Amino acid sequence: MPWRQTTDPYRIWLSEIILQQTRVAQGLPYYLKFTETFPTVHDLANASEEEVLKLWQGLGYYSRGRNLHAAAKYIVEDCEGIFPNTYKELLKLKGVGDYTASAIASISFNEPTAVVDGNVYRVLSRYFGIDTPINSTQGIKEFKALAQELIDIEQPANFNQAIMEFGAIQCKPQNPYCLHCIFNDSCVALQKNSINTLPVKLKKIKVKNRYLNYLVFKSSDHKTIIERRTGKGIWQGLYQFPMIEGEFDVSRFRESELFLKKTAAYTIKSIEQHNIKPIVHKLSHQHLHTIFWIIDVEKLDDTALEIKTLTSHPVPVLIEKFIVAYFNLK
DNA sequence: AAATCGGGGAC
DNA sequence: GTCCCAGATTT
């Protein structure tokens, strides 16, 4: 892993933000893109948020990308370009919480601050047989304190990365290698046969169903309309086609008040339902049931853009897949 | 304290 | 389908 070959705080920071709730295999190409496109924090700060989000596209949790950009600007503008070099100062960066501040502080600055990520929760809960829920206020405090007590203050970077790697490779969530584990004579969970019930995590999330209708306008001069998502909710800062939310009787969709309002400015030549069966795009908290409507029009207003240039804007994976499949763009 | 925020891979 | 990933932030 390339971020193991450096202690440059900028690169460690990049890797840690990218890897939040993200597997190495998924994050690696993004780390390579970001370090190549933005070799220094100044390059990142000088980019536009849209540029950053375009590079982040497909990785999910887009607030990470927005916060990354904001933090880069903060470092350049308010810290004279000098990367914060203590746990306490690192915590002030947007998108940097306890884990990430600890990781950067230990790896880049040799500060003995213990990291507690999903791996560490698992290793400690099993080895010490702790069943405090890891996502409870008490659990977060308890495991942080324990990790902090255990850290080798002589080599905090090695300790932190070692315990995480041990959790990722040996003490895995499913089917950990207890048989040939160097701790199998002292692991409480193994002795009590509770490997499979630890760590304990509170309640699972409930998924909401949402019904999205995207209006894909096509003008005779090969233009279409996209809009930037603002405000709360998913995909902040990304673009999408004009959208009407709601579950409609498809035969009456084009007569609905919302549809008429959204299309009032244009002269429609034809409407086609691109997919009869809704495309179900699954997020962790939402299942999005999506129908794309292809709407041919004479002319669009001057906010329209060339279909060919769609790919320069950051869009959710759901929209990207449609663009690739329908417009054959990449 | 609980909810929200993506997407993908392993099983 | 379920789990969970080198978590942080908002409500």
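Since we're looking at a predicted model, the values are computed, not measured. Order of the sequence lines fixes the chain letters, A, B, ..., with proteins taken first and strands second; residue numbering starts at 1 for each chain.
Ionic pairing of A:R4 and A:E165 is present here: one or more N-O contacts between side-chain nitrogen and carboxylate oxygen are shorter than 4.0 angstrom. Using a cut-off of 4.0 Å between Lys/Arg side-chain N and Asp/Glu carboxylate O, A:K208 and A:E245 are scored as not salt-bridged. One finds a salt bridge joining A:K92 and A:E89 here, because a Lys/Arg side-chain nitrogen approaches an Asp/Glu carboxylate oxygen to under 4.0 Å.
A straight line from CG of A:N209 to P of C:dG1 spans 11 Å, rounded to a whole angstrom. The separation between A:Q286 atom CD and B:dG6 atom P is 8 Å, rounded to whole Å. Atom pair A:Y61:OH and B:dG8:P shows a separation of 13 Å (rounding to whole Å applied). Across the protein-nucleic acid pair, A:Q240 atom CD and B:dG6 atom C1' stand 15 Å apart, rounded to whole Å. A:Q20 has its CD atom 7 Å from the P atom of C:dG7, to the nearest Å. In this structure, A:R64 atom CZ and B:dG8 atom C1' are separated by 12 Å, rounded to whole Å. When rounded to the nearest whole Å, the span between NZ of A:K94 and C1' of C:dA8 equals 13 Å. Residue A:F143 contributes atom CZ, which lies 17 Å from atom P of C:dA6 at whole-angstrom precision.
With C:dA6, C:dC4, B:dA2 as the candidates, the nucleotide lying closest to the side chain of A:K201 is C:dC4. Listed nucleotides: B:dA2, B:dG8, B:dG6. Nearest to the side chain of A:R23: B:dG8. Closest contact between the side chain of A:N67 and the listed nucleotides C:dT9, C:dA6, B:dA2 involves C:dT9. Closest contact between the side chain of A:V317 and the listed nucleotides C:dA6, B:dG8, C:dG7 involves B:dG8. You'll find that the side chain of A:K321 is closest to B:dG8, out of B:dG7, B:dG8, C:dG7. Relative to the side chain of A:L202, the nucleotides B:dA2, B:dG6, C:dC4 differ in distance, and B:dA2 lies closest.
Nucleic acid contact class of A:I18 (heavy atoms, under 4.0 Å, all strands): none. Here A:Q236 lies out of heavy-atom contact (under 4.0 Å) with every strand. No contact: A:S63 has no heavy atom under 4.0 Å from any strand. Nucleic acid contact for A:G233: sugar-phosphate only, since backbone atoms but no base atoms lie under 4.0 Å from a heavy atom of the residue. As judged by a 4.0 angstrom heavy-atom cut-off over every strand, A:V96 is placed among residues touching the sugar-phosphate backbone only. No engagement by A:N160 is indicated, since no non-hydrogen atom pair under 4.0 Å with the nucleic acid exists. Counting non-hydrogen atoms under 4.0 angstrom, A:S136 reaches nothing in the nucleic acid. As judged by a 4.0 angstrom heavy-atom cut-off over every strand, A:G27 is placed among residues making no nucleic acid contact.
For C:dA6, neither phosphate oxygen OP1 nor OP2 lies less than 4.0 angstrom from any side-chain nitrogen or oxygen of A:S15. Listed pair A:K282 / B:dG8 fails the phosphate criterion, with no side-chain N or O lying under 4.0 Å from OP1 or OP2. Here A:Y62 reaches the OP1 or OP2 of B:dG7: one of its side-chain N or O atoms lies under 4.0 Å away. Checking the phosphate oxygens (OP1, OP2) of B:dA3, no side-chain nitrogen or oxygen of A:H285 falls inside 4.0 Å. Under 4.0 angstrom from either OP1 or OP2 of B:dG7 there lies at least one side-chain N or O belonging to A:W235. Side-chain N/O atoms of A:Q21 include one lying less than 4.0 angstrom from OP1 or OP2 on C:dG7. Using a 4.0 Å cut-off, no side-chain N or O of A:Q174 falls inside it from OP1 or OP2 of C:dC3. Proximity of A:K232 to the phosphate of C:dT11: a side-chain N or O atom is located under 4.0 Å from OP1 or OP2. For A:R122 and C:dC5, the shortest distance from a side-chain N or O to OP1 or OP2 is below 4.0 Å. The side chain of A:K208 contributes an N or O atom lying less than 4.0 Å from OP1 or OP2 of B:dT4.
Evaluation of atom-type donor-acceptor distances gives no pair under 3.5 Å for the side chain of A:T22 against the base of B:dG7.
A:F217 has its ring centre less than 6.0 Å from the ring centre of A:Y266. Ring-centre distance between A:F183 and A:Y127: below the 6.0 Å cut-off.
Residues A:I205 and A:N175 both approach DNA chain B. Their nearest nucleotides, taken by heavy-atom distance, put A:I205 toward the 5′ side. Nearest-nucleotide positions on DNA chain C for A:P173 and A:A101 put A:P173 closer to the 5' end. Nearer the 5' end of DNA chain C, as judged by each residue's closest nucleotide, is the contact made by A:H287, out of A:L19 and A:H287.
Remark: the separation of the P atoms in C:dA8 and B:dG9 is 24 Å, to the nearest Å. C:dA6 and B:dA3 are spaced 23 Å apart, taking the C1' atom of each and rounding to whole Å. Nucleotides C:dC3 and B:dG8 are separated by 12 Å at their C1' atoms, to the nearest Å. Taking the C1' atom of each, B:dG7 and C:dT2 are spaced 15 Å apart, rounded to whole Å.
With hydrogens and angles left out, the side-chain atoms of A:Q138 and A:K141 include no donor and acceptor closer than 3.5 Å.
The side-chain tip of A:K262 does not point at the ring of A:F259 from less than 6.0 angstrom away and within 45° of straight on.
Using the six-membered ring where Trp is involved, A:F292 and A:Y214 have ring planes that are parallel, under 30° apart on the 30 and 60° scheme.
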